[in-house]
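See structure below.
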Amino acid sequence: MTVLETAKKMIDYSHGNLHDINHFMKVYAYAKMIADGEQLDPDTQKLVEMTALVHDIACPLCRVKYGNTNGKNQEKESAALIAEFFKDSNLPQDFTDRISFLVSHHHTLDQIDGIDYQIIIEADYLVNADESHFSGDNIKNMYDKIFRTETGKFLLRSMYQNCLENETL
Ligand SMILES: [Fe+2]
């Protein structure tokens with residue numbers, strides 16, 4: 001299964017919910033940029049891009065089941081949905097296991113254990129800071145405490161310059 005096939009399948013899976021589609025396509029674009037900047041090996045690059053596309057796979061189910069897309073509920077529901085999504089993908093088991101782990105942890109900031117995880121956190125935050133109107137203090141705190149990659153920090157600084165005007169690399 002390719003990144004293109006994953007994108008097409010995920011868009012189709014979203015049943016015309018343009019809010020969801022626009023969200024994960026933006027996260028995908030930033031994740032790809034950050035991954036390009038980190039010069040990952042081809043497998044990790046593919047894993048990051050695919051994870052960005054499917055990272056919010058549990059949102060539609062959570063809206064129905066819980067009435068919200070609270071991060072903890074998403075983390076609980078994601079694994080089964082990811083397993084089903086990639087069932088016929090011919091991707092190695094350890095590859096889809098890692099996607100499942102990352103999707104299930106993408107709201108957990110204190111367990112970042114690899115560059116793939118780091119990139120998903122940064123890319124999702126870049127989009128959520130806008131979509132969810134995060135405060136300047138929240139953005140500054142994320143910049144100082146969580147963001148690590150050069151490209152991710154560059155993007156956060158450039159996109160939210162009014163909050164980060166005194167920050168340097
Ligand atoms: Fe997201």
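Whatever order the structure lists ligands and atoms in, that order sets their numbers, starting from 1. Side chains are part of it too, since the values below use all heavy atoms of this structure and drop only hydrogens, waters and symmetry mates. Residues: numbered from 1 along the sequence shown.
Partners of K145 by salt bridge (Lys or Arg N to Asp or Glu O under 4.0 Å), not counting sequence neighbours: none found.
Under 4.0 Å is where a charged nitrogen must lie from a carboxylate oxygen, and between R98 and D94 no such pair does. Of the charged side-chain nitrogens involved, none lies within less than 4.0 Å of a carboxylate oxygen, so that E122 and R148 do not count as a salt-bridged pair. At a threshold of 4.0 Å, the pair E5-K8 does not count as salt-bridged, since none of the basic side-chain nitrogens sits closer than that to a carboxylate oxygen.
For the residue pair K32 and E49, the shortest heavy atom distance occurs at CG-OE2, 3.5 Å.
Around the Fe ion (ligand 1), the protein atoms of type N, O or S that sit closer than 2.8 Å are H23 NE2, H55 NE2, D56 OD2, D124 OD1.
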Pair D113-H105, side-chain contact (heavy atoms from CB on, under 4.5 Å): steps then yes or no:
CA-CA 11 Å; D113 66 353; H105 288 80; over 6 Å; no

